[in-house]
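Sequence positions, counted from 1, serve as the residue numbers for this chain.
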Amino acid sequence: MSIPSFGVGTFRLTGQAAVDSVRQALELGYRAVDTAQIYGNEADVGQALAESGVARGDLFVTTKIWTANYPADKLVHSLRESLDKLRTDYVDLTLIHWPAPGNGVPQPEFMAALADAKAQGLTRQIGVSNFNIDLTRQAIDVVGAGQIATNQIELSPYLQNRKLAAFLQEQGIAVTSYMTLAYGKVLKDPVLARIADKHHATVAQVALAWALQLGYAVIPSSTRRENLASNLLARDLKLDDADMAAIAALERNGREVSPDGLAPQWD
């Protein structure tokens, strides 16, 4: 199993904005695209993918199952609907979007249904999102060791999630960082600004490079072509030990997203 280290996110993008963002990202060289059922943009993403001219085999498409579709009699059907919207016969990765402990659907039920979707060839890999250590362990118990490709979690210089990230890496589960720029809050950080100046880089590039150097995958989004291009350059930015130590000191448990009824008890 492998997860691309750099992709484009589509959270909060719909309609032509989503089409344009994905289209421009693909033109710039992105090949991994992240979407979700609840984003309401799978059809827009599908349009951009279809019109891009990029061969399907060169793309890595991720979607996420929404909580309403967790029951065993709904999950696979909902993924087939997602595939229709995305104009593809399969996705490369399908995630459970939130553990939703109050949802009324036991985790063994939806994880088994997700594994069934993989067995049917609807998705090449499966994983989870926003799971804590205990829930990830439970998911492993259902689908088996080595079956969970990634846990997509909120992670930024202000929320470094070290305990969970270390556990995932010990288990061979890739860490995918979302909201790596903390809704843009880290862009104003003076420590990151100094590091950016030192490397003749942008603050966004520094934050993304930090996550990449820790072995995490990133999926930043933008509606602006220049930002999409600039973000991609983070792959070539090498931070030194002093830079990494300075960023490590920025931890402040700065969580931006924790919806009631969906989020677990965080580690």
Side-chain angles (χ1 to χ4, degrees), residues 3-9 11 32 34 62 64 95-99 127-137 139-140 148-199 201-222 230-259 262-267:
I3 301 294
S5 63
F6 212 104
V8 65
F11 177 54
D34 181 274
T62 299
K64 309 178 199 74
L95 308 178
I96 294 295
H97 204 152
W98 286 92
V128 296
S129 183
N130 301 299
F131 276 41
N132 63 14
I133 291 173
D134 183 55
L135 292 173
T136 304
R137 281 201 181 101
I140 293 170
I148 295 177
T150 191
N151 187 357
Q152 186 179 119
I153 56 175
E154 182 185 346
L155 193 149
S156 75
Y158 291 167
L159 180 73
Q160 300 189 18
N161 243 322
R162 294 190 188 107
K163 185 178 179 182
L164 175 56
F167 167 78
L168 295 171
Q169 291 177 320
E170 287 167 8
Q171 298 293 319
I173 297 172
V175 176
T176 301
S177 163
Y178 75 81
M179 219 166 284
T180 316
L181 307 182
Y183 275 145
K185 290 180 180 177
V186 303
L187 300 180
K188 304 179 183 72
D189 190 273
V191 173
L192 296 175
R194 286 196 294 272
I195 295 171
D197 288 344
K198 171 180 156 183
H199 292 280
T202 67
V203 172
Q205 288 166 359
V206 169
L208 294 168
W210 163 79
L212 291 170
Q213 280 186 223
L214 290 173
Y216 309 151
V218 295
I219 46 171
S221 65
S222 181
S230 178
N231 287 345
L232 209 52
L233 296 176
R235 298 178 301 176
D236 302 319
L237 175 58
K238 303 305 178 194
L239 303 177
D240 60 34
D241 290 345
D243 300 330
M244 295 298 284
I247 298 172
L250 296 178
E251 166 64 42
R252 59 188 68 176
N253 196 32
R255 189 176 299 280
E256 300 291 335
V257 180
S258 187
L262 299 179
Q265 187 165 8
W266 300 111
D267 296 302

Exercise. Mind checking what makes side-chain hydrogen bond (donor to acceptor under 3.5 Å, both in side chains) contact with Ser230, not counting sequence neighbours?
Worked result: Gln205
For this session: With sequence neighbours left out, write down each residue that passes side chain to side chain contact (heavy atoms under 4.5 Å, CB included) with Ala246, or none if nothing qualifies.
Result: Val191, Ile195
Exercise. Listed by chain and number, what are the side chain to side chain contact (heavy atoms under 4.5 Å, CB included) partners of Pro190, not counting sequence neighbours?
Worked result: Arg194
Seminar exercise, completed: Separation between CD1 (Ile247) and OH (Tyr158), nearest 0.5 Å, reads 11.0 Å
Exercise. How would you list all residue pairs meeting side-chain hydrogen bond (donor to acceptor under 3.5 Å, both in side chains) that involve residues 167-176, not counting sequence neighbours?
Worked result: Thr150-Thr176
Problem set entry | Val206 and His199, any side-chain heavy atoms less than 4.5 Å apart | no
For this session: With side-chain contact (heavy atoms from CB on, under 4.5 Å) as the test, would you mind laying out the steps for Asn161 and Val175 before giving the verdict?
Result: CA-CA 10 Å; Asn161 243 322; Val175 176; over 6 Å; no
Exercise. For the atom pair OG (Ser5) and CD (Gln213), what is the distance rounded to the nearest 0.5 Å?
Worked result: 12.0 Å
Problem set entry | Glu154 (side chain) donor-acceptor with Val257 (main chain) under 3.5 angstrom | yes
Seminar exercise, completed: Heavy atoms of Val128 and Ala139 approach each other most closely as CG1-CB, 4.5 Å
Exercise. So, do Asp34 and Gln152 sit near enough that their side-chain heavy atoms are less than 4.5 Å apart?
Worked result: yes
For this session: Would you please name every residue forming a side-chain hydrogen bond (donor to acceptor under 3.5 Å, both in side chains) with Gln160, sequence neighbours left out?
Result: Arg162
Problem set entry | Derivation and outcome, side-chain contact (heavy atoms from CB on, under 4.5 Å), residues Leu192 and Leu250 | CA-CA 9 Å; Leu192 296 175; Leu250 296 178; 3.9 Å; yes
For this session: Taking ring pair (Phe, Tyr, Trp, His ring centres under 6.0 Å) as the test, write out the residues that go with Phe11, two or more places apart.
Result: Tyr39
For this session: Output all residues satisfying side-chain hydrogen bond (donor to acceptor under 3.5 Å, both in side chains) with Ser221, sequence neighbours left out; order by chain, then residue number.
Result: none
Problem set entry | By ring pair (Phe, Tyr, Trp, His ring centres under 6.0 Å) - contacts of Tyr178 (at least two apart) | none
Problem set entry | side-chain hydrogen bond (donor to acceptor under 3.5 Å, both in side chains) partners of Lys198, counting only residues at least two apart | Asp240, Asp243
Problem set entry | For the student: nearest non-hydrogen atoms of Val186 and Ala207, plus distance | CG2-CB, 4.4 Å
For this session: Mark yes or no for whether Asn130, through its side chain, and His97, through its backbone, hold a donor-acceptor pair below 3.5 Å.
Result: yes
For this session: For Pro264, check side chain to side chain contact (heavy atoms under 4.5 Å, CB included) against everything at least two apart and list the hits.
Result: Pro99, Asn132, Leu135, Trp266
For this session: Specify the closest pair of heavy atoms between Ile148 and Thr136, including all atoms of both residues, with the distance to one decimal.
Result: CD1-O, 4.4 Å
Problem set entry | Partner residues of Glu256 under the salt bridge (Lys or Arg N to Asp or Glu O under 4.0 Å) criterion, sequence neighbours left out | Lys185
Problem set entry | Those residues that, when tested against Arg252, pass salt bridge (Lys or Arg N to Asp or Glu O under 4.0 Å) (two or more places apart) | Asp189
Problem set entry | Heavy-atom pair of closest approach, residues Trp98 and Pro259 | CH2-CD, 3.3 Å
Exercise. Any side-chain heavy-atom pair from Leu214 and Leu155 closer than 4.5 angstrom?
Worked result: no
For this session: Give the minimum heavy-atom separation between Ala209 and Ala234, together with the two atoms involved.
Result: CB-O, 3.7 Å
Seminar exercise, completed: Leu212 and Phe6 have their tightest heavy-atom pair at CD1-CD1, 4.0 Å
